[in-house]
Amino acid sequence: QVQLVESGGGLAQAGGSLRLSCVASGRTDSSYAMGWFRQAPGKEREFVAVTNWNGGTKIYANSVKGRFTISRDNAKNTVYLQMNNLKPEDTAVYYCAADFRGYSVSYYSLYGMDYWGKGTLVTVSS
């Protein structure tokens, strides 16, 4: 089991920036992928970004490509999501996720991951 706790959400203006963090605890002794997903009000949860175990492979949703950056610090068991040039349509609850099954980042972008945090709310005003 692994526990994931997100932080860093809040209110930002359009064009502004926020950085989300997610700390993993519990089963962190194995290689695992980590990612971010989001769910806007009235919509289904969608993929945002995923990185493999060492940060060497990353994939982004087209809607955030060029604006968001995912990174991880394995020494701190932490994954980050730097969000720049925020838009009102980025408003959502952002969920951190992790997975130990060793699938590709493309797989996770399509089918999700095994472990989830409780989410952190990001609100972008126009």
Practice task
Mark yes or no: Arg72 above the aromatic ring of Trp53, with NZ or CZ under 6.0 Å from the six-membered ring centre and no more than 45 degrees from the axis.
Solution key: no
Practice task
Answer with yes or no whether the hydrophobic clustering places Leu121 together with Trp116; edges join I, L, V, M, F, W, Y residues whose side-chain heavy atoms lie under 4.5 Å apart.
Solution key: yes
Problem - Test item: Glu6 side-chain N/O and Lys118 main-chain N/O as donor-acceptor pair under 3.5 Å - result: yes
Exercise for the section: Check whether any side-chain heavy atom of Met83 sits under 4.5 Å from a side-chain heavy atom of Ser17, and report yes or no. Expected result: no
Handout entry: Tyr60 side chain vs Ile70 backbone, donor-acceptor pair below 3.5 Å
Key = yes
Handout entry: Contact summary for Cys96 and Leu4, nearest pair of heavy atoms
Key = O-CD1, 3.7 Å
Problem - hydrophobic_cluster_shared for Leu20 and Val50, side chain cutoff 4.5 Å - result: no
Practice task
Kindly determine whether Val93 and Phe37 satisfy side chain to side chain contact (heavy atoms under 4.5 Å, CB included), including the steps that lead there.
Solution key: CA-CA 8 Å; Val93 176; Phe37 294 73; over 6 Å; no
Problem - Side chain proximity check, Phe68 to Asn84, heavy atoms < 4.5 angstrom - result: no
Problem - Cluster link Val64 to Trp36, ILVMFWY, side chain under 4.5 Å - result: yes
Completion exercise
For Ser126 and Ala14, the nearest pair of non-hydrogen atoms, with its separation, is CA-CB, 4.2 Å
Handout entry: pair Gln1-Tyr115: side-chain heavy atoms closer than 4.5 Å
Key = yes
Practice task
Look at the side-chain heavy atoms of Ile, Leu, Val, Met, Phe, Trp and Tyr, link any pair under 4.5 Å apart, and say whether Leu86 and Leu81 land in one connected group.
Solution key: yes
Handout entry: Lys58 vs Asn52, side chain to side chain contact (heavy atoms under 4.5 Å, CB included): CA-CA, chis, key distance, verdict
Key = CA-CA 7 Å; Lys58 304 173 185 179; Asn52 73 332; 5.9 Å; no
Exercise for the section: State whether the side chain of Thr120 and the backbone N or O of Gly9 hold a donor-acceptor pair below 3.5 Å, judged by distance alone. Expected result: yes
Practice task
Would you sort out whether Tyr32 and Phe100 count as a ring pair (Phe, Tyr, Trp, His ring centres under 6.0 Å), showing the intermediate values?
Solution key: CA-CA 5 Å; Tyr32 55 102; Phe100 294 83; 5.0 Å; yes
Exercise for the section: Report the distance from atom OH of Tyr111 to atom OG of Ser106, rounding to the nearest 0.5 Å. Expected result: 10.5 Å
Problem - Least distance between heavy atoms, Val2 atom then Ala24 atom - result: CG2-CB, 3.9 Å
Handout entry: Test side chain to side chain contact (heavy atoms under 4.5 Å, CB included) applied to Gln3 and Arg27, step by step
Key = CA-CA 8 Å; Gln3 292 76 44; Arg27 179 189 175 187; over 6 Å; no
Exercise for the section: Answer whether the closest heavy-atom distance between the side chains of Ile59 and Phe47 falls below 4.5 Å. Expected result: yes
Handout entry: Close side-chain approach of Val124 to Glu89, heavy-atom, < 4.5 Å
Key = no
Exercise for the section: Mark yes when over 12 heavy atoms from residues, nucleotides or ligands other than Gln13 sit less than 6.0 Å from its CD; otherwise mark no. Expected result: no
Handout entry: Atom of Arg38, atom of Ala92 and distance for their closest heavy-atom approach
Key = CB-CB, 3.8 Å
Problem - Hphob cluster co-occupancy, Tyr95 + Met113, side-chain heavy atoms under 4.5 angstrom - result: yes
Problem - Arg101/Asp114 under side chain to side chain contact (heavy atoms under 4.5 Å, CB included): CA gap, chis, key distance, verdict - result: CA-CA 9 Å; Arg101 293 174 290 173; Asp114 260 358; 3.5 Å; yes
Practice task
Before giving the answer on side chain to side chain donor-acceptor pair (under 3.5 Å), spell out for Thr78 and Asp73 the whole-Å C-alpha distance, their side-chain angles and the decisive distance to 0.1 Å.
Solution key: CA-CA 5 Å; Thr78 301; Asp73 183 340; over 6 Å; no
Problem - Flag for Tyr108-Asp99: side-chain donor and acceptor within less than 3.5 Å - result: yes
Practice task
Locate the shortest heavy-atom distance separating Leu18 from Gly8; write the atom from each residue and the value.
Solution key: CD2-O, 4.1 Å
